[in-house]
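Throughout, numbering of the chain's residues begins at 1 and tracks the sequence.
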Amino acid sequence: MMKQAGFFDVEERLARLSGLGDQLEAFSRTVNFEVFRPALEKALAYSDGSKGGRPPFDPVLMFKILVIQTLNNLSDERTEYLINDRLSFMRFLGLGLSDRVPDAKTIWLFRERLTQAGAIERLFERFDATLRSAGYLPMSGQILDATLVAAPKQRNTNAEKADLRAGRIPEDWQDKPSKLSHKDRHARWTLKFTKAKRQDDGTMPSSDLAIPFFGYKSHVSIDRKYRFIRKWKTTDAAASDGARLREGLLDKANTASSVWADTAYRSKANEDFMEKQGFVSKVHRKKPHLKPMPRHIQKSNAGKSVIRSRVEHVFADQKSQTGLFIRTVGITRATMRIGLANIVYNMRRFLFLERLSASA
């Protein structure tokens, strides 16, 4: 007969998890999740039309579930299963073995209410304020970049695509709410260029590869010193990178005025805008049309690349560690997903820097 698991057995197992380096335990120790409570309560009150009792689950507990989900790239169903299954998840959420666990529908509803209330920007700002009060001020200038984030592909006819581009809902979808709810009207196709690689026979292809890509684009500005994301924006995949620079992507709070970015951000409008706003452009210069790149520009670009490449680490971390991918439909939900990924990236970065300064 199997022995009934007792309280001390669970304690012992949790102690063993701590010894093995439970990432969530480090999160609990380092991040004060209570800072999110006011923003969460405000968003939930604002979006709750129904009168009635208070929600059965604590909003901070529910927000921690979204953090678990983002860290591990989980669907709502899988999240519900794993919270029931994993002691480390339970401990992070402060749940005992006999406590009720939110089901997939509850998780979906909670995220949806935050999404519709547009709460993600405020939640991001709450954590940014935490970083500043911990001494991580945006310093040494900032680096801008964008990355494509995939969404489930849509199979639309050419007529439907034309309607969507013009901002119309295709006629065939209007009287079919279930079809409409599964159609992403905001994500777009674009071409993703990857550098041509040398072929097996040693020849170089004449052009780079263009791969069709469907989804959204995540635009960020990180500070050069600590590499935290300080400003961000979500657009469809076809939106140009450069124009976003003038749409609130620049962080005025940075203690230095230099701005690094690749050639996509180099335009007369951007250079004028930065000069007017008191920023110093370190944006890569483009190669002159049909002429070789002048030596001094080549050299200056190479110097800028050393600094600019730091931003690549952010996207690599989000995609390889937390598998950033959009499972939902529409730009509002994609913004929520990317915003959560940005908060969680900043939390992980905060953990890393705190660990560094503790061991120094």
Tell me whether the centres of the aromatic rings in F92 and F33 are closer together than 6.0 Å.
->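 Centroid distance F92-F33: below 6.0 Å, so yes.
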Within the 4.5 Å heavy-atom criterion, are [X] and [Y] side-chain neighbours or not?
X: P59; Y: R113; value: no
X: N72; Y: R78; value: no
X: I65; Y: F110; value: no
X: F27; Y: L71; value: yes
X: T335; Y: E121; value: yes
X: T130; Y: N32; value: no
X: E247; Y: K233; value: yes
X: F350; Y: F127; value: yes

Verdict with supporting geometry, L24 and R91, side-chain contact (heavy atoms from CB on, under 4.5 Å) = CA-CA 9 Å; L24 289 175; R91 166 163 67 184; over 6 Å; no
Check the hydrophobic clustering (I, L, V, M, F, W, Y; side-chain heavy atoms under 4.5 Å; chains of links allowed) and say if L144 and V280 are grouped together.
->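 No, because L144 and V280 fall into different hydrophobic clusters, even though each may have its own neighbours under 4.5 Å.
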Closest contact, heavy atoms only, [X] versus [Y]:
X: K217; Y: L148; answer: CE-CD2, 3.8 Å
X: D223; Y: R230; answer: OD1-NE, 2.9 Å
X: A39; Y: R122; answer: CB-CB, 4.4 Å
X: L123; Y: F36; answer: O-CE2, 3.4 Å
X: I331; Y: Y216; answer: N-OH, 3.4 Å
X: P102; Y: M62; answer: CG-SD, 3.7 Å

For the [atom1] atom of [X] and the [atom2] atom of [Y], what is their distance to the nearest 0.5 Å?
X: F279; Y: S258; atom1: CZ; atom2: OG; answer: 10.5 Å
X: R246; Y: Q277; atom1: CZ; atom2: CD; answer: 11.5 Å
X: R337; Y: T332; atom1: CZ; atom2: OG1; answer: 15.5 Å
X: Y81; Y: R86; atom1: OH; atom2: CZ; answer: 9.5 Å
X: T79; Y: L66; atom1: OG1; atom2: CG; answer: 8.5 Å

Test applied, side chain to side chain contact (heavy atoms under 4.5 Å, CB included); reference residue, Y136; option that passes from K225, R349, E354 |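 In the set K225, R349, E354, the residue that makes a side chain to side chain contact (heavy atoms under 4.5 Å, CB included) with Y136 is E354.
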Please determine which of I68, D76, V101, L74 meets the side chain to side chain contact (heavy atoms under 4.5 Å, CB included) test together with I107.
->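 The option that passes is D76.
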I would like to know whether E271 and V283 meet side-chain contact (heavy atoms from CB on, under 4.5 Å); could you show each step before the answer?
-> CA-CA 9 Å; E271 296 299 308; V283 179; 4.1 Å; yes
Taking it one step at a time, do F273 and L250 satisfy side-chain contact (heavy atoms from CB on, under 4.5 Å)?
-> CA-CA 11 Å; F273 178 82; L250 290 175; 3.9 Å; yes
Where the side chain of [X] meets the backbone of [Y], is there a donor-acceptor pair that is under 3.5 Å apart?
X: R126; Y: V35; value: yes
X: N270; Y: S267; value: no
X: Q142; Y: N254; value: no

Run the numbers on F57 and L93 for side-chain contact (heavy atoms from CB on, under 4.5 Å), then give the verdict.
-> CA-CA 11 Å; F57 288 105; L93 298 171; over 6 Å; no
Can K268 and D272 be counted as an ion pair, charged N to O under 4.0 angstrom?
->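 Answer for the salt bridge query: yes.
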Does a donor on one side chain and an acceptor on the other come within less than 3.5 Å for D103 and T106?
->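 Yes, T106 and D103 have a side-chain donor paired with an acceptor closer than 3.5 Å.
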